[in-house]
Protein chains: 2
Amino acid sequence: MSVPLYQAKAEMFRVLGHPVRIRVLELLQAGPRPVRDLLAEIDVEPSNLSQQLAVLRRANVVISFRDDGLVMYALSTPAVADLLAAGRRILGEVLTDRDGLLAELRAHRPG
Amino acid sequence: MSVPLYQAKAEMFRVLGHPVRIRVLELLQAGPRPVRDLLAEIDVEPSNLSQQLAVLRRANVVISFRDDGLVMYALSTPAVADLLAAGRRILGEVLTDRDGLLAELRAHRPG
DNA sequence: TGCCGAGTTGCGAAAATCTTCAACTCGAAC
DNA sequence: GTTCGAGTTGAAGATTTTCGCAACTCGGCA
């Protein structure tokens, strides 16, 4: 691999780091959906949604195919849903803890 | 919450979307570390590292404290390690699959 | 062939992010 | 109090991302 692993990983996360892209992925967790549906639920201009979808496609996070005249999108792998779940969990912990960890860590030092 | 949930989630991922920040977090998975160590392993200027650490701090992804004259950093919660692990797994799947999913999805449609 | 709806792409301006340099703060030792 | 090492912060320039508009492509149908 010509790209360092940590850089590829950073890129993966960066791709998820956008509100519209997150919403798309969350909607796709329930299964494949046509662009039309995404557009109806996300409140963004068609061209903008298309650009965000392109970002997700280039990163191989989603795939697209045509079905019955509509362009459909789907998660490229269920692991994407796992990542979203992990993000959701962290968000919960991070928003509640905020302190108490610091004191605990201080206490643990071998001094 | 004044900030929509999907936006907070996007922000969480965006924070991880930087090579230096990813490397920091991976190093911190093994336990708290002084800035000095991070600096030795990451090949970035001190001020730059400090800025990236500040980003992680503001997002409550890491915490910092002083120990024996050195500033230490640590993951704010073990869940951060889970998120990194999920990212690692996706990266593997995404880099290998790339196709085969499309055909499968086509076959599943109810037509 | 020509048209229409569904999506996509190119482009330019605005906004956010990244990186470096210099200046600054803080704690420890003298 | 002064000095030194460790780390942080502020600011400016360069790079990247974002977003809306307009133009374009593609498939289906008259």
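Convention: sequence-line order gives letters A, B, ...; per-chain numbering from 1. On a predicted model such as this, the values are computed, not experimentally measured, just so you know.
- Residue contacts shown for B:Leu39 are absent, as no nucleic acid heavy atom lies under 4.0 Å away.
- In this model, no side-chain donor or acceptor of B:Glu45 finds a partner on the base of D:dG7 within 3.5 Å.
- Residue A:Tyr73 places at least one side-chain N or O closer than 4.0 Å to OP1 or OP2 of C:dT8.
- Atom CZ in B:Phe65 sits roughly 16 Å away from atom P in C:dG27 (whole-Å rounding).
- Taking the side chain of B:Ser50 as heavy atoms from C-beta on, and the options D:dG27, D:dT8, C:dT9, the nearest nucleotide is D:dT8.
- For the pair B:Arg14 CZ and D:dT17 C1', the computed distance is 11 Å after rounding to whole Å.
- For C:dG7, neither phosphate oxygen OP1 nor OP2 lies less than 4.0 angstrom from any side-chain nitrogen or oxygen of A:Arg66.
- Rounded to a whole Å, the CD atom of A:Gln7 is 13 Å from the P atom of C:dC18.
- In this structure, CG of A:Leu70 is placed 11 Å from P of C:dT8, rounded to the nearest angstrom.
- For the pair B:Glu11 CD and D:dT17 P, the interatomic distance rounds to 17 Å; values are reported in whole Å.
- Between A:Val71 and B:Arg21, it is A:Val71 whose nearest contact on DNA chain C lies nearer the 5' terminus.
- Using a cut-off of 4.0 Å between Lys/Arg side-chain N and Asp/Glu carboxylate O, B:Glu11 and B:Arg14 are scored as salt-bridged.
- Rounding to the nearest 0.5 Å places CZ of B:Arg89 at 5.0 Å from CG of A:Asp82.
- In this structure, B:His18 reaches the C:dT19 phosphate: one of its side-chain N or O atoms is under 4.0 Å from OP1 or OP2.
- Under 3.5 Å, the side chain of A:Ser47 and the base of D:dC19 form no donor-acceptor pair of N or O atoms.
- The only member of B:Leu91, B:Val15, B:Ile22 that meets side-chain contact (heavy atoms from CB on, under 4.5 Å) when paired with A:Phe13 is B:Ile22.
- By the criterion of side-chain heavy atoms lying less than 4.5 angstrom apart, applied directly or through intervening Ile, Leu, Val, Met, Phe, Trp or Tyr residues, A:Leu70 is not grouped with A:Leu56; the two fall into different hydrophobic clusters.
- Note that CG of B:Leu53 is 9.5 Å distant from CG of B:Asn48, once rounded to the nearest 0.5 Å.
- For D:dG7, the base has no donor-acceptor partner in the side chain of B:Gln51 [N/O atoms by modelled type, under 3.5 angstrom].
- Between B:Leu49 atom CG and C:dT19 atom P there is a gap of 12 Å when expressed in whole angstrom units.
- Judged by closest nucleotide on DNA chain D, B:Arg36 is the one of B:Arg57 and B:Arg36 placed further toward the 5' end.
- Rounded to a whole Å, the CG atom of B:Leu56 is 12 Å from the P atom of D:dT8.
- Among the heavy atoms of the strands lying under 4.0 Å from A:Asn48 are primed sugar atoms or P, OP1, OP2 only; no base atom is included.
- Rounded to an integer number of Å, the gap from CD of A:Gln52 to P of D:dT17 is 12 Å.
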